[in-house]
J.: 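Dumping the structure here so I can ask a few things about it.
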Amino acid sequence: AQSVTQLDSQVPVFEEAPVELRCNYSSSVSVYLFWYVQYPNQGLQLLLKYLSGSTLVESINGFEAEFNKSQTSFHLRKPSVHISDTAEYFCAVSETGGSYIPTFGRGTSLIVHP
Amino acid sequence: GAVVSQHPSRVICKSGTSVKIECRSLDFQATTMFWYRQFPKQSLMLMATSNEGSKATYEQGVEKDKFLINHASLTLSTLTVTSAHPEDSSFYICSARDRGPIGYTFGSGTRLTVV
């Protein structure tokens with residue numbers, strides 16, 4: 001069975017600073033990896049995903065994540081954050097060849113201060 | 001892109017009453033929908049998988065008689081919280097597969113408060 005660990009429950013950062021949200025996963029088979037963002041009282045929106053190919057994936061709003069198989073990690077990064085990036089971020093893993101239903105981490109609250 | 005509409009966004013009900021939450025896929029057919037529960041500052045907990053035209057598959061520990069799921073059409077799944085109690089207060093989110101086995105679109109969630 002797969003599992004996801006998000007090491008930081010909360011990450012405070014100043015506007016325009018870089019940020020990294022950490023995610024590690026555990027699985028006995030190949031996986032797909034996802035990052036979702038959730039704004040207050042809203043559902044989840046897909047930020048980016050790794051399915052295959054290039055291990056570095058990017059989103060349209062400046063976030064990127066790198067799949068590291070040896071370290072079983074999929075950390076999310078942004079070189080310069082904005083106030084509007086304040087939200088809850090969830091890492092998720094889905095095992096290939098199975099039900100594909102994603103398992104979510106506990107979430108990391110990104111708080112961007114002016 | 002794919003859109004999933006969830007209603008209501010907020011509901012307050014009295015203890016002992018039932019509440020129905022709707023999840024609709026607006027521009028695609030969803031043979032499979034999922035219902036999650038989210039506690040404050042915690043992750044999403046999968047409650048059940050809803051398949052059109054058949055019984056839902058519930059996760060271990062989820063009471064089938066309390067959380068009734070109906071998926072009568074390819075665009076609508078409903079979750080009914082029966083005889084609600086304050087401990088059922090939570091944020092409920094649905095999602096639907098829209099692009100093959102790994103494409104998921106989420107509804108905007110329902111904040112249920114039982115008083």
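Predicted model, so just to flag it, every value in this text is computed and none were measured.
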J.: Give, for atom CZ of A/F90 and atom CD of B/Q38, the distance between the pair rounded to the nearest 0.5 Å.
T.: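 Going from the CZ atom of A/F90 to the CD atom of B/Q38 covers 4.5 Å.
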J.: Same cluster for A/V11 and A/V81 if Ile/Leu/Val/Met/Phe/Trp/Tyr side chains link at under 4.5 Å?
T.: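 Same cluster.
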J.: What do you reckon, is NZ of B/K55 surrounded by more than 12 foreign heavy atoms closer than 6.0 Å?
T.: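 Counting neighbours around NZ of B/K55, 12 or fewer heavy atoms of other residues, nucleotides or ligands fall under 6.0 Å, so no.
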J.: Heavy atom to heavy atom, less than 4.5 Å: which residues from residues 34-41 of chain A reach chain B?
T.: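 Answer by number: A/F34, A/Y36, A/Q38, A/N41.
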J.: Are B/M47 and B/M33 co-members of a hydrophobic cluster defined by side-chain heavy atoms under 4.5 Å apart?
T.: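 B/M33 and B/M47: separate clusters.
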J.: Is there a path from A/I83 to A/L47 through hydrophobic residues (I, L, V, M, F, W, Y) whose side chains come within less than 4.5 Å of each other?
T.: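 In one cluster: yes.
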J.: Pick one of side chain, backbone, both or neither for A/Y32, based on which atoms fall under 4.5 Å of a heavy atom in chain B.
T.: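 The side chain, not the backbone.
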J.: Taking all atoms of both residues into account, what is the closest heavy-atom pair of B/Y36 and A/I101, and its distance?
T.: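 Closest approach of B/Y36 to A/I101: OH-CG2, 4.3 Å.
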J.: Relative to chain A, which of B/S95, B/S9, B/C94, B/S108 shows the most heavy atom pairs under 4.5 Å?
T.: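 Looking at each of B/S95, B/S9, B/C94, B/S108 in turn, B/S108 comes out on top.
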J.: Same cluster or not: are B/L79 and A/L44 linked, directly or through other Ile, Leu, Val, Met, Phe, Trp or Tyr residues, by side-chain heavy atoms under 4.5 angstrom apart?
T.: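 Not linked; separate clusters.
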J.: Should the heavy atoms of other residues, nucleotides or ligands under 6.0 Å from CG of B/L26 be counted, would the total exceed 12?
T.: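 More than 12 heavy atoms, drawn from other residues, nucleotides or ligands, come within 6.0 Å of this atom.
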J.: Please tabulate, for the side chains in residues 105-114 of chain A, all donor-acceptor contacts under 3.5 angstrom to protein atoms that are two or more places apart in sequence or on a different chain.
T.:
from	atom 1	to	atom 2	distance (Å)
A/T108	OG1	A/Q6	NE2	3.2
A/T108	OG1	A/D8	O	2.6

J.: Should B/W35 and B/L46 be counted in the same cluster of Ile, Leu, Val, Met, Phe, Trp and Tyr side chains packed under 4.5 Å apart?
T.: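 Not linked; separate clusters.
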